[in-house]
Amino acid sequence: MTALSTRRADPERRPPSALRLRIGAYVALTKPRIIELLLVTTVPAMMLAARGWPSLSLLLSTLVGGTLAAGAANVFNCYFDRDIDRLMQRTQKRPLVTGAVTPRAALIFGFVLTVSSVVLLALTTTLLAASLAAAAIFYYAVLYTMVFKRHTRRSTEFGGVPGAAPVLIGWAAVTGSLDWPAVVVFGVVFCWQMPHFWALAMRFKDDYARADVPMLPVVASALSVGRQSVFWAWLTVAVSLLLWPVAAGYGIGLGYTIPAVLLGGWFVVESHRLLARIKRGGETKPMQLFHVSISYLALLMVAIVVDAIV
Ligand code: HEM
Ligand SMILES: CC(C)=CCC/C(C)=C/CC/C(C)=C/COP(=O)(O)OP(=O)(O)O
């Protein structure tokens with residue numbers, strides 16, 4: 001997904017074949033850049049649940065199943081959103097807008113990915129993991145994309161549920177059940193998504209207004225969005241610190257908590273810096289918080305993995 005980062009064309013490079021272009025279009029429909037970090041939140045949940053490394057086969061089947069499931073969700077999202085994606089600068093190069101993939105082909109692709117992911121997870125992990133994946137696909141593709149995103153300023157909060165679902169899927173793949181450490185990590189990813197996305201939505205506010213999508217930065221003042229982002233950043237960090245008491249029996253201790261405090265400080269400071277820029281009335285540069293949010297979450301997940309195995 002290069003909507004946020006464009007690559008310069010290399011004049012020496014031979015044009016890609018028609019097949020490679022076609023495959024690339026289908027891959028782009030799955031929004032691979034988002035899937036990367038969704039999977040990064042799955043692995044720590046699996047390692048906590050397994051109190052170390054799960055079997056390689058379980059790890060791989062969960063990651064492949066999770067990729068297919070998140071990909072399916074994103075394909076349905078692109079299918080339904082093709083009318084507004086056409087109106088937004090950030091999304092107007094998506095395959096269903098450019099015509100690289102037809103709506104009918106995308107719909108079939110989404111269903112194939114859905115069935116593949118649920119069957120793979122059911123056969124190679126647990127029924128709970130497969131059920132959670134199916135529920136997350138439905139929630140994101142129907143409830144978030146078709147209902148909440150178009151009709152409420154609170155769509156990001158609603159979207160946070162499927163966004164954090166990979167944590168529960170990973171835990172359930174190992175244990176066949178859910179437990180408090182999984183709920184806490186789910187809570188971290190849930191809370192994290194508000195500052196993560198509102199920063200991006202501030203950057204593309206005009207796009208969302210043109211597409212008549214009531215994202216918070218479109219319908220609320222920048223000051224209000226800045227203040228709510230600070231609130232959710234603090235809540236993300238507070239929830240992240242619950243992991244020590246809740247998952248002490250899973251090997252979580254100071255080795256995680258110290259990095260969590262330092263990383264959380266970085267995340268919260270960046271949210272306050274955005275608020276300060278908004279108050280000053282100058283250039284707000286919201287993408288700084290967006291990119292910090294992704295680094296914060298990725299590094300926090302690494303801290304969980306390291307403490308779970310050390
Ligand atoms: C309410 C939940 C979320 C919303 C509304 C949201 C929204 C977005 C949007 C609109 C983009 C830009 C996509 C594009 O321009 O093609 C994006 C990018 C991204 N998101 Fe989120 N997201 C959410 C949750 C998550 C979650 C849970 C993760 C991973 C754990 C995640 C990781 C990423 C990554 C890695 C990118 C790509 C950044 C890049 O291309 O540099 N997001 N997000
Ligand atoms: C099965 C499973 C684990 C599903 C995960 C679903 C998923 C990809 C969640 C990401 C969270 C989310 C609300 C993204 C924004 O969509 P958007 O439509 O606001 O973004 P856009 O404007 O870039 O299309």
| query | Is it true that R90 and D206 have a side-chain N and a carboxylate O under 4.0 angstrom from each other? | reply | no

| said: Closer than 4.0 angstrom, basic N to acidic O: yes or no for K149 and E157? | reply: no

| query | Can you find a pair of side-chain heavy atoms, one from L274 and one from K285, that are under 4.5 Å apart? | reply | no

| query | Under 3.5 Å, is there a donor-acceptor pair linking the side chains of Y79 and R104? | reply | no

| request: Please tell me if the side chains of W198 and Q228 come closer than 4.5 Å, counting only heavy atoms from C-beta onward. | output: yes

| task | Could you tell me whether D83 and R150 have a side-chain N and a carboxylate O separated by less than 4.0 Å? | result | yes

| Residues, nucleotides or ligands: over 12 heavy atoms within 6.0 Å of R22 CZ | no

| message | Using every non-hydrogen atom in the two residues, find where L132 and A172 come nearest and quote the distance to one decimal. | response | CD1-CB, 3.8 Å

| task | On the 0 to 90° scale, with breaks at 30° and 60°, tag the W232-F190 ring pair as parallel, tilted or perpendicular. | result | perpendicular

| Looking at L289 and P195, what are the two nearest heavy atoms and their distance? | CD2-O, 4.1 Å

| query | Cut-off 3.5 Å, side chains only: do Y250 and D179 have a donor facing an acceptor? | reply | yes

| query | Between R210 and Q89, is a side chain to side chain donor-acceptor pair (under 3.5 Å) present by the stated rule, with each step listed? | reply | CA-CA 10 Å; R210 191 177 318 116; Q89 172 225 346; over 6 Å; no

| message | Is it the case that the side chains of W234 and H272 hold a donor-acceptor pair, with the cut-off being a distance below 3.5 Å and no angle test? | response | yes

| said: Can you confirm whether M301 sits close enough to V185 that some side-chain heavy atom of one is under 4.5 Å from a side-chain heavy atom of the other? | reply: yes

| remark: Sorted by chain and number, sequence neighbours left out, side chain to side chain contact (heavy atoms under 4.5 Å, CB included) with L262 holds for I258

| request: Evaluate the criterion ring-ring contact (aromatic ring centres under 6.0 Å, His included) for residue pair F109 and Y26; output intermediate values, then yes/no. | output: CA-CA 8 Å; F109 183 45; Y26 279 91; 5.1 Å; yes

| So, T145 versus N77: side-chain donor-acceptor pair below 3.5 Å or not? | yes

| remark: Nearest heavy-atom approach of V75 to A106 is CG1-O, 3.2 Å

| field | Test of ring centre spacing under 6.0 Å for Y144 and Y140 | value | yes

| request: Grab the two heavy atoms, one from L243 and one from I252, that are nearest each other, plus how far apart they are. | output: O-CG2, 3.9 Å

| message | For I278 versus A222, what's the shortest heavy-atom pair and its separation? | response | CD1-O, 3.5 Å

| query | What is the ring orientation for F158 with F148, classed by angle as parallel under 30°, tilted 30 to 60°, or perpendicular over 60°? | reply | parallel

| field | Candidate pair I304 and V43, rule side-chain contact (heavy atoms from CB on, under 4.5 Å), full reasoning | value | CA-CA 10 Å; I304 294 177; V43 174; over 6 Å; no

| said: Looking at D85, is its backbone amide N or carbonyl O close enough to the side chain of T91 to form a donor-acceptor pair, meaning the two atoms are under 3.5 Å apart? | reply: yes

| said: With heavy-atom distances below 4.5 Å as the criterion, would you say the side chains of Q288 and E270 are in contact? | reply: yes

